[in-house]
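Structure first, then comments.
Just so we're on the same page: letters track the sequence lines, and every chain starts at 1.
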Amino acid sequence: AQKVTQAQTEISVVEKEDVTLDCVYETRDTTYYLFWYKQPPSGELVFLIRRNSFDEQNEISGRYSWNFQKSTSSFNFTITASQVVDSAVYFCALHSDTDKLIFGTGTRLQVFP
Amino acid sequence: DTEVTQTPKHLVMGMTNKKSLKCEQHMGHRAMYWYKQKAKKPPELMFVYSYEKLSINESVPSRFSPECPNSSLLNLHLHALQPEDSALYLCASSQDRRVGIRTDTQYFGPGTRLTVL
């Protein structure tokens, strides 16, 4: 069975703080893809990143960075110098060819000025 | 341009009404999806269309009826809904969904917030 766990239900930080959102996944497939989506209050799910199971290189995009570690089945997301506009619900998701896109329960991030 | 559009943005309907949700994408994607999202929950898959054919129905009640008139359009027809069907309905599309390449990135629309009275 496939599963994604986001243990942090809600995180509150003050602007300019760094924050890490945790994601742990379970799958028996050797080929799979991991995703992060952002859902602001408006409702749209915004695609942030996709990684495949064979590429463990960390990735940085501006203030965003992702740490993929197969040894611990984790795909964590860090926002550096957080801003109020980063306030949203963030979903980690897992997809393999044998299954549908599986979402975690989401982490609500609130960034206060 | 990774854009999926959905209309209407908000919909209020009675339990005896018939209404439709519309979704459109112009990215040349051949797979389209309907998801239902209740408050404070992740999206739940309802239907998947691949090359305009229904490929997955996640045991959704028949009061929800999907339709894919062409590769760019996806509709969700609603009839005799219940108050518990109130939710955010999200449409998504991905490039392909044939065996071996089902894991294409799904791009989501802004959703329709549905309230059933």
Side-chain angles (χ1 to χ4, degrees), chain A residues 2-11 21 23-25 27 29-55 59 61 66 75 87-110, chain B residues 1-11 21 23 25 27 29 31-50 55-60 87-114:
Chain A
Q2 319 239 20
K3 187 178 178 183
V4 175
T5 301
Q6 294 180 255
Q8 303 151 309
T9 306
E10 192 160 336
I11 300 175
L21 309 182
C23 173
V24 174
Y25 63 93
T27 180
D29 293 323
T30 54
T31 301
Y32 53 89
Y33 294 81
L34 295 163
F35 300 81
W36 276 95
Y37 285 90
K38 173 184 179 179
Q39 189 172 40
S42 59
E44 180 176 0
L45 272 169
V46 178
F47 165 70
L48 296 178
I49 190 172
R50 162 192 166 106
R51 300 298 277 172
N52 74 56
S53 52
F54 298 108
D55 183 0
E59 178 151 342
S61 176
W66 290 269
F75 186 43
S87 297
V89 179
Y90 291 86
F91 289 99
C92 180
L94 166 70
H95 202 176
S96 69
D97 192 47
T98 58
D99 209 341
K100 58 191 177 185
L101 185 61
I102 305 295
F103 287 92
T105 50
T107 297
R108 180 176 300 275
L109 174 65
Q110 292 195 320
Chain B
D1 183 16
T2 55
E3 187 178 73
V4 177
T5 58
Q6 290 186 243
T7 56
K9 285 189 177 181
H10 300 275
L11 178 62
L21 309 185
C23 173
Q25 57 88 12
M27 296 178 278
H29 289 174
M32 296 186 77
Y33 310 75
W34 280 117
Y35 285 84
K36 173 182 178 180
Q37 186 180 22
K38 301 284 276 184
K40 298 185 187 294
K41 298 287 188 184
E44 296 176 8
L45 183 65
M46 299 174 72
F47 303 103
V48 181
Y49 273 83
S50 178
S55 64
I56 295 179
N57 176 343
E58 291 283 306
S59 304
V60 178
L88 179 67
Y89 288 84
L90 292 161
C91 173
S93 71
S94 66
Q95 192 160 9
D96 210 321
R97 234 196 107 77
R98 289 171 293 177
V99 173
I101 42 177
R102 287 184 185 144
T103 53
D104 283 347
T105 299
Q106 294 182 26
Y107 295 94
F108 287 79
T112 294
R113 289 194 187 275
L114 174 67

How would you list, by chain and number, every residue that makes a side chain to side chain contact (heavy atoms under 4.5 Å, CB included) with B:Ala92, sequence neighbours excluded?
B:Tyr33, B:Tyr35, B:Gln106, B:Phe108
Would you list the pairs meeting side chain to side chain donor-acceptor pair (under 3.5 Å) in which at least one residue belongs to residues 36-47 of chain B, sequence neighbours left out?
A:Gln39-B:Gln37
What's the separation between atom CG in B:Asp104 and atom CG in A:Leu101, rounded to the nearest 0.5 Å?
11.5 Å
What are the two closest non-hydrogen atoms of B:Pro43 and A:Leu45, and how far apart are they?
CG-CD1, 3.6 Å
Taking every heavy atom of B:Pro42 against every heavy atom of A:Phe91, the minimum-distance pair comes out as CA-CE2, 3.5 Å
Can you check side chain to side chain contact (heavy atoms under 4.5 Å, CB included) on A:Tyr37 and B:Thr105, steps first, answer last?
CA-CA 11 Å; A:Tyr37 285 90; B:Thr105 299; 4.1 Å; yes
Can you say whether B:Gln6 sits under 4.5 Å from chain A via the side chain, the backbone, both, or neither, judging by heavy atoms?
neither
